[in-house]
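Structure, as structure tokens:
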Amino acid sequence: MPTTLNKIAKQGDNGATMMPIIQGVGRAAIEIAAVLRGAVFRGALGGAGSENVQGEQQQMLDVLSDEIFLDEMRSTGFVCAVGSEEQEELLVIEEYSHADYLVLVDPLDGSSNLDVDGPVGTIFSIVKRKTANSERPHVSDTLQSGQSVIAAGYVLYGPSLMMVCSVGAGVDGYTFNPASARFELSHADIRIPETGGYYSVNESNKDKWLDGMGDNLDRMKIETGLGMRYVGAMVADMHRTLLKGGVFLYPADEKNTTGKLRLLYEAIPMGFVMEQAGGKAMSNGIAVMDIEPEALHQRVPVYLGSNTNVDSLLG
Ligand code: AHG
Ligand code: MN
Ligand code: MN
């Protein structure tokens, strides 16, 4: 009998409470995958004609994925609010505003890949509210460091549909089996290789990187001899780094002076998974998981991957 997402209920201290929410993520993933696959026939590729709070052009699929994800979180009954890349403010789920958990999400990661049929993803993390259940959830409930994250993971819309997640008891990968129409455990207890793999970065920005990171990368390349791969969708680049080893980085640069990737729904969930798989996630000289968030859409530099490679890059 294949193992399904039900495995999560038996994992760690929080598996049982997290399972219904992660199953909701799984339903959203199946629906988003179907929308992505049929998008060209529904005229759903291209811009939505709107900007998100970060001044980025929203794609129609960013907006659709956000709606689908929110609906599935609502349907769990355990989520009081969602903080999304595509929503300026915290979105309170009125029917369940007394519930215990908040979800942070990048509903569609790597959307510049959409027009070229490249891989994209969804990234999520789950925290418990700090405000009393009788109060209305507040954005301050999302401003918790990675140390408070209870569960996190990502979905990869690639040749197969995968979900990789952790409830703080290691990392498992589930692949959607079209024959049984459910996620089945395909990658049990993922551990990142101690070294090897690839370095992954948009190297065209190197001359503009801050913090001397250009010199660091040059030194690391000589030290490790790693080859390079870059998809331009964090989920796909993270997934390869997790399975093959190496290092993924997005440093601060002259344009993105505090970094490009978002702390709460990109850096922290990926940092959580990376550490749970035995790897490392750093930013500005401290662990990503130790950053105290100040704003919902805050950006940070990110360096994550195999311990030895991250050390070699930052050392
Ligand atoms: P999003 O599509 O959610 O805005 O995220 C894009 C991010 C991330 O997926 C990727 O690692 C990075 O942007 C790529 O940026 P560059 O195109 O600057 O390399
Ligand atoms: Mn993203
Ligand atoms: Mn996105």
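The structure displayed is predicted, hence computed values, not measured ones. Numbering of ligands and ligand atoms starts at 1, following listing order.
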My understanding is that only residues two or more places apart in sequence, or in another chain, count here; which of them pass salt bridge (Lys or Arg N to Asp or Glu O under 4.0 Å) with Glu95? Arg74

Kindly work out whether a path of hydrophobic side-chain contacts (I/L/V/M/F/W/Y, heavy atoms less than 4.5 Å apart) joins Val302 to Ile268. yes

If we number the atoms of ligand 1 from 1 as shown, the ones under 4.0 Å from a heavy atom of Gly232 are 9 (O), 10 (C), 14 (C)

Atom 7 (C) of ligand 1 sits nearest the protein heavy atom Leu261 CD2, 3.8 Å

So is Val231 touching ligand 1 or not, going by heavy atoms under 4.0 Å? no

Enumerate the protein N/O/S atoms at a distance below 2.8 Å from the Mn ion (ligand 3), ignoring waters. Glu85 OE1, Asp106 OD1, Leu108 O

Heavy atom of the protein closest to atom 19 (O) of ligand 1 (residue, atom name, distance): Tyr230 OH, 2.5 Å

I want to confirm something. Looking only at heavy atoms, which of Lys260, Lys255, Glu56, Gln57 is nearest to atom 17 (O) of ligand 1? Lys260

Could you tell me whether ligand 1 has any atom less than 4.0 Å away from a heavy atom of Gly110? yes

Quick one: closest heavy-atom pair of Val139 and Leu90, and the distance? N-CD2, 3.7 Å

Heavy-atom contacts with Asp106 under 4.0 Å: which atoms of ligand 1 show up? List them by number with element. 3 (O)

Please answer: with hydrophobic residues joined when any side-chain heavy atoms are less than 4.5 Å apart, are Val300 and Leu304 in the same cluster? yes

In ligand 1, the atoms that come under 4.0 Å of a heavy atom of Leu108 are 2 (O), 3 (O)

Heavy-atom pairs closer than 4.0 Å: do any link ligand 1 to the side chain of Gln59, the backbone, both, or neither? neither

Report the part of Ala233 in contact with ligand 1, treating N, CA, C, O as backbone and CB onward as side chain, heavy atoms under 4.0 Å; options are side chain, backbone, both, neither. backbone

Any ion pair linking Lys260 and Asp253 (charged N to carboxylate O, less than 4.0 Å)? no

Considering only protein heavy atoms, which is closest to atom 18 (O) of ligand 1, and at what distance to one decimal place? Tyr250 OH, 2.6 Å

Kindly give the heavy-atom pair with the smallest separation between Thr76 and Pro20, and that separation in Å. CG2-O, 3.6 Å

Tell me, which N, O or S atom in Glu266 is closest to the Mn ion (ligand 2)? OE2

Closest non-hydrogen atoms of Arg136 and Thr131, given as atom of the first, atom of the second and distance, are O-OG1, 4.4 Å

Would you mind listing which atoms of ligand 1 come within a distance below 4.0 Å of any non-hydrogen atom of Ser111? 2 (O)

If you measure only the distance, is there a donor-acceptor pair under 3.5 Å linking the side chains of Glu94 and Ser97? no

Using a heavy-atom cut-off of under 4.0 Å, does the side chain or the backbone of Asp109 touch ligand 1, or both, or neither? both

Quick check on the hydrophobic clustering: are Ile291 and Leu314 connected, directly or via other members, by side-chain heavy-atom contacts under 4.5 Å? yes

Could you check atom 11 (O) of ligand 1 against the protein and tell me its nearest heavy-atom contact, residue, atom and distance included? Met234 N, 3.4 Å

Quick one: which ligand 1 atoms are inside 4.0 Å of a heavy atom on Arg262? 1 (P), 3 (O), 4 (O), 5 (O)

Non-hydrogen atom of Val120 closer than 4.0 Å to ligand 1: no

Ligand-residue contact atoms, ligand 1 with Glu266, heavy atoms, under 4.0 Å: 3 (O), 5 (O)

Under 3.5 Å, is there a donor-acceptor pair linking the side chains of Ser111 and Gln59? no

Using the rule that Ile, Leu, Val, Met, Phe, Trp and Tyr join whenever any side-chain heavy atoms are under 4.5 Å apart, tell me whether Leu263 and Met282 fall into a single cluster. yes

Enumerate the residue pairs fulfilling ring-ring contact (aromatic ring centres under 6.0 Å, His included) with a member in residues 10-64, sequence neighbours excluded, ordered by first and then second residue. none

Between Tyr198 and Met228, what is the shortest heavy-atom contact and its length? CD2-N, 4.1 Å

For the residue pair Asp62 and Gln57, confirm or rule out a side-chain donor-acceptor distance under 3.5 Å. no

Is there a polar contact between ligand 1 and Asn202, counting only N or O atoms under 3.5 Å apart? yes

Would you give me the side-chain donor-acceptor pairs under 3.5 Å for residues 155-172, sequence neighbours excluded?
| from | atom 1 | to | atom 2 | distance (Å) |
| --- | --- | --- | --- | --- |
| Tyr157 | OH | Thr122 | OG1 | 2.8 |
| Ser166 | OG | Gly168 | N | 3.0 |
| Ser166 | OG | Gly170 | O | 2.8 |
| Asp172 | OD1 | Lys7 | NZ | 3.4 |
| Asp172 | OD1 | Asp189 | N | 2.7 |
| Asp172 | OD2 | Lys7 | NZ | 2.9 |
| Asp172 | OD2 | Gln11 | NE2 | 2.9 |

